[in-house]
Amino acid sequence: MLRIEKRLAPASSKTAIAGAAALAVIAALLVCAVLFALQGANPLQAYASLFSGGFGDWRGIGYTLNKAAPLALIALGTIVAWRCGFAYLGFEGCFVIGAAAATAVALAVVPDRWLAGVPFAVFLPICIAAAMLAGALWAASTGWLRARFGGSEVLMSLMGNYIALLLVQYLVSGPMRAPGGLPQSARIPQETWLPLVIEGTRAHAGIGLALLAALLVWVLLRKTPLGYEMVVAGLNPLAARNSGIAVGRRVLQASLLAGALAALAGLVQVLGVQYRLLDGMSGGIGFIGIVVALLARLHPLWVLPVALLYGGMSVGADSMQRATGVPTSITFILQALTVLFVLASPWLLRYRVVWQSPRAAAGRPLGERNG
Amino acid sequence: MAAPWLHMRGIVKRFPGVLANDDAHLAVRRGEIHALLGENGAGKSTLMQILYGLYQADAGEITLDGQPLTVGSPADAMAHGIGMVHQEFMLVRLFTVAENVALADRQSRTLDLAAVAARITEVSQQYGLQIDPQARIEQLPIGVQQRVEIVKLLCRDARILILDEPTAVLTAGEKDRLFAVLRRLASDGCAIIIVTHKLHEILEIAERVTVMRAGKTVGCVPTAGSSEAALARLMVGRDVTFTAPRPVQTPGPVVLQVEDLSTTDERGQQALRQAGFCLRAGEILGIAGVDGNGQSELAEALVGARPSSGSVRLHGREMRGLDTASRRALGMAYIPADRRRAGAVMELSVRENALLGMQNLLSHLAGLWRDEARISAHAQRLVETFGVRTASLSFPAGKLSGGNLQKLILGRELMLKPQLLVVEQPTRGLDVGAIEVVWQALLAERQKGTAIVLVSAELDEILTLSDRVAVLYGGRIAGLFDNDGSAALRESIGLCMAGVGASASQADAAANQAALPEQECHAAH
Amino acid sequence: ANPNKTTKVALLLSGSIADGGWGQLAHEGIVALQSTPGFQAVFTENIGQAEIPQATRGYADDGYDLIIGHGYEYGSALLEIAPEYPDTKFFVSSFLPEPSVPSNIQYADLAYYDASYCAGALAALISEKRAAVGFVGGGDNPTQQRMLRAFVAGAERTVPGIKAAGIITGEYGNAARGRQAAATLIGNGADVIWHAANETGIGALQAAAAANVKALGCYADQTAIAPAVVGTSLRIELGEMVKTIAKSVADGSFGGGGEWHPAVDVIWSPVAGAAGDHNPKIISADAWQQFRAIWADVASGKLKVAGILDA
Amino acid sequence: MDSLSILDAAFLSTWLAAAIRLAGPVLLAALGEVFAERSGVLNIGIEGLLLIGALAAYLACGLSGSSWLGVFAAIVSGWLASLLLSWLYVTVQASQVVVGIVFNLLALGACSLVFRTTGEVTGGQSVAMFPALQIPGLSELPWVGPALFGQPVLLYVTLLLVLVASMVLQRSRFGLSLRAVGENPRAADAAGISVKRMRHAGVWISGGAAGMAGAYLMLCEVGVYRDSIVSGQGFIALAIVILGRWTPWKVMLAALVFGLADALQLSLQLLGWGLPPQLLLALPYALTLLAISGMFGGKSVQPAALLMPHQR
Ligand SMILES: Nc1ncnc2c1ncn2[C@@H]1O[C@H](COP(=O)(O)OP(=O)(O)OP(=O)(O)O)[C@@H](O)[C@H]1O
Ligand SMILES: Nc1ncnc2c1ncn2[C@@H]1O[C@H](COP(=O)(O)OP(=O)(O)OP(=O)(O)O)[C@@H](O)[C@H]1O
Ligand SMILES: [Mg+2]
Ligand SMILES: [Mg+2]
């Protein structure tokens with residue numbers, strides 16, 4: 001007979017982990033298939049358009065890449081911060097701060113402003129530097145508060161998000177508001193837009209920035225003594241300090257880098273997609289980026305595939321909604337369930353299914369159980 | 001011979017990849033103090049945690065008074081009168097003593113802290129333990145915290161008390177007091193199981209001792225008529241030497257000069273007051289004292305892990321304002337007391353732990369890029385030189401036994417070829433075999449001319465290894481002695497630690513010595 | 001136009017189609033089109049600000065003939081996308097953002113200020129204490145600010161001596177805050193409340209009901225929410241708007257490149273559930289008559305609200 | 001009338017009344033969250049739980065016509081939803097932050113779908129709401145009377161619950177165990193307390209309380225369901241717990257601070273000073289941030305094991 005029993009230790013092979021995650025995704029798809037059927041839509045057709053929307057053609061791939069780029073950048077920021085023991089949640093704030101800085105610089109590329117007429121190759125580094133600096137300082141303010149006074153960065157950064165969002169809301173409804181005025185800035189000049197990288201799609205160069213960032217973060221954490229110090233400081237600050245690692249400084253550096261990466265995501269969104277600063281343009285991306293990082297198990301190279309999958313799924317969800325006309329709430333449910341089930345999937349690894357003849361089961365001595 | 005009261009038979013416990021208990025036995029009688037002995041990793045703690053319901057055995061049975069007993073949880077254990085004092089105290093630091101005692105009290109459904117406090121007072125008076133029920137745990141010294149643990153059990157009428165390495169953090173005086181309480185309890189009919197690595201303590205307190213090796217029980221012998229050597233042989237399977245000869249050698253030039261060093265503890269209390277001493281190459285200075293008298297703070301202040309005022313000079317160079325990294329670069333090394341929490345990174349491999357502190361040396365491009373080949377070679381050499389028993393270099397350090405982990409940390413620091421080594425409690429919790437290895441390593445380092453500051457709560461250890469001994473009391477250096485190995489010395493150190501023996505002249509001498517300029521340092525020898 | 005061709009219409013919404021107002025009314029137009037021969041109509045709701053470009057291009061690439069961006073959020077995004085899809089028509093239910101726009105995109109001036117002015121006038125007319133009337137606004141944007149000013153002008157010009165005040169809550173979807181805004185106005189003397197804040201406005205009506213002061217609904221017929229106090233609701237005929245624009249695309253009369261200006265009585269209508277256009281228990285016949293006169297004057301252009309506001 | 005002056009009694013009392021009304025539901029949700037966090041779980045999912053409670057209250061009250069039945073349904077459904085949360089937080093030990101964030105998305109989708117399919121059970125009408133309870137005599141007091149003594153019954157229930165929560169946390173065996181689990185789970189485990197059971201209980205309490213807070217929102221403030229009804233109040237509740245340092249009566253004061261700032265932002269518009277509303281809205285968050293930064297001491301007030309999973 002089939003029996004489910006608890007393992008001594010959770011299965012830890014890569015196949016087991018991937019298999020459990022795949023099971024989780026299938027379970028989410030099955031649950032939502034019922035919802036589709038109840039709404040009178042054909043689940044198979046829905047899932048076909050879910051897949052083809054995000055990956056089925058170049059156009060969809062272009063959107064997927066655009067979605068993935070900022071997600072990946074925020075996830076990389078998460079990795080740097082969290083691996084250094086800085087459980088920062090303020091990426092929503094860094095994102096909009098970075099977006100605001102990028103917009104401000106891009107809006108200076110007009111006649112009579114300080115960047116009038118600079119070529120893109122000059123503009124871009126300046127803009128990236130400005131955005132990253134703004135985000136870095138924003139995140140590092142929390143890092144500094146923690147290093148200096150010992151407050152919890154988890155809670156502080158949650159509060160910081162509101163302040164950043166309200167600050168940007170103030171900017172777009174006040175000082176940066178475009179004439180004529182909706183709560184948004186003027187459109188940035190076309191010369192400052194990120195170039196498109198795939199013919200016939202909207203895919204912009206942001207994905208290249210994300211790729212580069214992933215490589216750099218991987219190199220930092222795996223190949224450099226600095227990264228080693230950050231990881232050690234994250235795993236055991238006390239031991240790190242005793243062995244001569246300046247933990248406070250590493251945390252501050254990690255928070256600077258994390259904020260800079262999330263701000264870069266904001267820049268990518270402004271220069272690549274929105275072309276202006278808007279109220280509410282983050283829309284939770286700072287948190288989804290954290291989700292991506294965790295699904296990638298805080299590994300910088302896994303971030304890209306996970307971000308692409310997540311991005312593709314939300315692009316696909318749009319086209320699924322167009323194709324089936326079901327309420328968007330079902331796509332919310334599908335996305336949320338998929339993530340929750342994947343997060344829960346390690347739980348499956350604690351158990352295994354064993355085949356056991358009934359006789360053997362009866363003959364087992366009492367107490368000989370696995371703990 | 002009376003039938004055992006508590007009997008554990010054929011206990012098997014598997015952890016992933018480890019057979020922690022393999023057919024282990026334990027038989028304890030009513031009113032008996034029973035010791036459990038074994039090398040690090042022999043499975044003592046595991047066996048006790050099974051008895052206390054924290055782990056479930058894979059096989060085997062437990063009987064109490066001949067009745068089979070199932071302990072599914074600590075609550076079960078307590079219901080049967082089994083209580084445990086863990087190596088790491090299980091106290092909520094922000095709670096008061098009364099709240100901590102009430103926490104584990106399953107008897108009443110309501111919370112009546114006043115009644116609990118009254119009971120604490122009653123029990124502690126009965127056994128001569130002095131405890132203020134309203135004190136917050138974080139304000140209490142270690143020795144008192146342990147008393148709280150015991151009172152916790154007594155308030156719940158525990159009849160079988162398990163103590164896992166209870167003396168590892170206690171001073172001689174505290175230990176004596178603990179033993180008095182244990183004897184008292186035993187005479188009242190309790191059974192006490194005590195896990196310890198200190199053979200003389202076993203001979204002193206226990207009636208019988210069960211010895212474990214690699215998860216198995218290898219024997220149960222009465223202590224009467226036994227000796228330390230015999231126990232050690234039983235446990236390790238070979239003869240063990242208990243003394244390490246400290247060869248006579250003339251110390252070299254002054255390495256470390258400390259003047260007026262003061263610092264505070266976590267709570268902002270003055271923990272170290274104007275300490276001063278100097279130390280020469282090839283010399284070991286033992287820092288003795290009752291735990292919590294500023295020893296840790298002194299060590300941390302020396303290596304820059306704790307902000308301090310005053311002067312620390314290494315080879316005449318002022319260290320003030322330098323952080324740990326810079327001080328290490330200038331030749332300091334540090335082995336903290338709590339190896340698991342402060343000395344190594346449990347999640348990382350042996351190889352990555354061997355790298356700790358050397359990450360910038362074992363690199364290309366002046367610290368920009370890791371040099372993997374040299375890192376591996378370094379780790380390999382460390383493991384070989386210091387005999388760290390590990391499955392591979394990629395084995396997680398957290399899964400090493402205490403002794404092996406200590407060897408790893410010791411080796412790591414010594415391979416930095418430090419001029420000054422600050423080491424705290426180097427053998428705490430280690431078995432006699434491992435202690436031997438560590439002592440030899442420290443003496444070899446002394447021979448190479450390294451100056452060593454040795455902080456230890458073990459007076460024996462200090463007297464075995466040190467050339468000179470400083471006693472800390474209340475954050476002050478209350479006495480500074482040359483170690484002549486005499487019995488009188490041991491006595492005066494003991495008195496000094498208790499804060500009574502520090503005669504005015506000695507204290508003055510210490511204070512003077514603190515201010516000694518370099519030449520007088522020479523003259524002192 | 002080819003009579004055999006189906007016209008494909010897509011409606012994009014930032015909020016929900018079940019918001020009981022702005023989104024729901026436009027969605028009703030889509031539902032109507034779905035049963036109209038010659039039309040295929042779909043919608044996507046809850047589109048975040050950042051998703052607008054992608055959602056719009058998705059429909060445009062799928063070959064939709066008309067894409068309606070419902071709300072100010074779409075103003076600039078669709079303006080940027082329209083030139084890429086010359087064969088697709090775009091419509092945004094908000095003001096013209098720049099003087100000249102491509103010929104395949106149309107904006108709308110939905111007579112908000114005219115309606116607000118009339119609402120202010122009616123509020124003042126039905127105020128019993130004739131001391132103060134109040135307005136609760138939604139998002140903090142110039143349209144809402146100007147609606148507030150139109151409301152104030154309508155009230156204070158119609159009943160001299162009355163004071164009109166308003167609070168812009170900053171959100172369209174926060175009913176609890178809408179309630180407190182209205183309660184604040186009532187506490188400071190207002191005895192008639194109007195709102196233009198969608199779900200936030202529901203809270204405003206509840207505050208009026210709780211304090212038993214008169215209220216006027218907005219966007220949809222909101223009589224049911226607080227039957228005892230809502231005298232009438234100014235319903236905005238967004239369903240009609242959707243149908244009108246869709247038909248103009250189908251028959252080729254789409255007037256792109258500028259702004260659509262329906263008169264106030266075309267795009268707004270007073271409704272009060274079963275009671276018809278107003279609840280006589282709350283609005284006296286006399287007040288209603290005076291309001292109707294103002295309404296007609298504004299609709300005919302005899303009374304120019306824009307002129308008053310810009311003065 | 002020229003009543004819009006800041007020193008006017010009407011201005012002050014309406015400001016205070018609005019503040020208290022805004023504070024009520026978040027205070028209730030925050031009280032529950034105190035239990036979750038005191039046990040070591042940061043339950044970011046209360047935003048979603050509030051929404052679930054609001055919908056349950058709307059449906060139950062709309063179908064039965066009884067407000068109290070609405071409250072009951074909200075508590076039960078909040079608790080049911082928290083079963084999923086506590087399984088993920090405590091049993092699976094998935095990242096609490098991520099579970100909470102994603103749960104909020106799930107709750108929004110599910111509530112929206114349920115509302116769509118069940119439709120307007122009331123035909124667009126408000127459900128039966130709790131009226132403001134005028135406490136005779138007291139509610140006529142000048143300045144504070146209407147604000148303090150003219151509120152719906154659930155506010156008084158909430159204030160009572162502040163007292164109950166205080167007593168339970170400080171004076172009961174359950175509270176002691178819960179706090180121990182949040183401070184030192186290993187010690188609690190060794191004392192025979194089931195860490196998991198206490199944490200499940202903490203999350204369930206926050207589920208029930210957040211559900212009830214949703215009912216508060218629905219049955220005292222809004223009356224009809226919309227997807228946007230909660231609009232961030234769950235997150236404000238989180239902030240309030242922090243500002244109130246995990247202590248019920250301080251949480252109550254913190255809720256009042258938030259309510260006062262929010263209501264002041266509304267009231268000040270009547271003065272026409274033209275202050276950017278964002279400034280006042282950001283104020284309580286900035287205050288909270290400073291309060292938890294450790295700059296003013298007390299860095300260890302946070303439950304020591306918050307966010308830390310426990311394994312033997
Ligand atoms: N939680 C665990 N997971 C995996 N292995 C464990 C665990 N606990 C103990 N072990 C292993 O079980 C063996 C026995 O450990 P145990 O703690 O019982 O030893 P011990 O005799 O108490 O050692 P020490 O003298 O150092 O305290 C060790 O080899 C250890 O590696
Ligand atoms: N989480 C764990 N996973 C695997 N092995 C563990 C774990 N925790 C402890 N061990 C093993 O259990 C053994 C005993 O642990 P214990 O905490 O008693 O440390 P120790 O070796 O006695 O050192 P110390 O006395 O300094 O605490 C260790 O030797 C270690 O190998
Ligand atoms: Mg042990
Ligand atoms: Mg040990």
Side-chain angles (χ1 to χ4, degrees), chain C residues 15-21 23-24 45-46 129-132 134 136-137 140 148 161-163 165-190 198-200 202-203 205-207 209-211 220-228 273, chain D residues 1-4 8 10-22 24-26 108-109 112 115-116 119-120 122-126 129 131-132 146-147 152 216-218 220-233 259 262-263 265-270 272 276-278 281:
Chain C
S16 148
I17 58 156
D19 61 357
Q24 189 157 336
E45 58 180 335
N46 296 320
K129 289 193 248 144
R130 300 257 157 158
V136 173
D140 184 10
L148 166 58
I162 206 166
K163 182 147 177 57
I167 294 175
I168 309 282
T169 56
E171 284 178 85
Y172 287 105
N174 191 337
R177 192 179 281 172
R179 174 158 190 160
Q180 306 328 326
T184 303
L185 288 165
I186 295 166
N188 284 289
N198 225 31
E199 289 115 305
T200 301
I202 295 174
L205 296 182
Q206 295 292 8
D221 182 353
Q222 296 185 310
T223 308
I225 292 177
Chain D
M1 58 162 247
D2 196 7
S3 68
L4 305 180
D8 192 276
F11 183 92
L12 285 176
S13 74
T14 43
W15 172 32
L16 191 60
I20 290 178
R21 294 195 76 118
L22 284 164
V26 280
L108 179 60
S112 173
F115 177 63
R116 253 0 122 70
E120 297 254 6
T122 56
Q125 222 162 347
S126 300
M129 291 168 69
Y216 191 148
L217 211 53
M218 173 59 57
C220 297
E221 304 291 318
V222 187
V224 290
Y225 178 84
R226 296 289 179 255
D227 289 349
S228 68
I229 193 171
V230 176
S231 52
Q233 306 204 45
D262 204 352
Q265 180 266 129
L266 298 175
S267 292
L268 278 188
Q269 289 193 27
L270 296 179
Q278 290 85 11
L281 289 175

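The structure displayed is predicted, hence computed values, not measured ones.
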Non-hydrogen atoms of chain C under 4.5 Å away: do they reach the side chain of P131(D), the backbone, both or neither?
neither
Heavy-atom contact with chain D under 4.5 Å, split by part of [X]:
X: Q222(C); answer: neither
X: I168(C); answer: both
X: D140(C); answer: side chain

Go through Q278(D), R116(D), Q233(D) and name the one with the most non-hydrogen pairs under 4.5 angstrom from chain C.
R116(D)
Counting only N and O atoms by type, is there a donor-acceptor contact under 3.5 Å from the side chain of [X] to the main-chain atoms of [Y]?
X: Q206(C); Y: V222(D); result: yes
X: T14(D); Y: G187(C); result: no
X: R179(C); Y: C220(D); result: yes

Q125(D) vs P227(C) side-chain heavy atoms within contact, under 4.5 Å:
yes
Measure the [atom1]-[atom2] distance between [X] and [Y] for me, rounded to the nearest 0.5 Å.
X: L281(D); Y: R177(C); atom1: CG; atom2: CZ; answer: 5.0 Å
X: T200(C); Y: R226(D); atom1: OG1; atom2: CZ; answer: 12.0 Å
X: L205(C); Y: S126(D); atom1: CG; atom2: OG; answer: 8.5 Å
X: N188(C); Y: S267(D); atom1: CG; atom2: OG; answer: 6.5 Å

Contact winner vs chain D - I167(C), N46(C), D19(C), heavy-atom pairs under 4.5 Å
I167(C)
Quick one: which of A181(C), A18(C), A175(C) has the most heavy-atom pairs under 4.5 Å with chain D, could you say?
A18(C)
Candidate pair L185(C) and L266(D), rule side chain to side chain contact (heavy atoms under 4.5 Å, CB included), full reasoning
CA-CA 9 Å; L185(C) 288 165; L266(D) 298 175; over 6 Å; no
In short, G173(C) meets S231(D) closest at the heavy-atom pair O-OG, 3.8 Å
For the student: nearest non-hydrogen atoms of T184(C) and A18(D), plus distance:
OG1-CB, 4.0 Å
Partner of Q180(C) by side-chain contact (heavy atoms from CB on, under 4.5 Å), out of L22(D), I20(D), D262(D)
L22(D)
Hits for ring pair (Phe, Tyr, Trp, His ring centres under 6.0 Å) against Y216(D), two or more places apart or cross-chain, chain-then-number order -> none
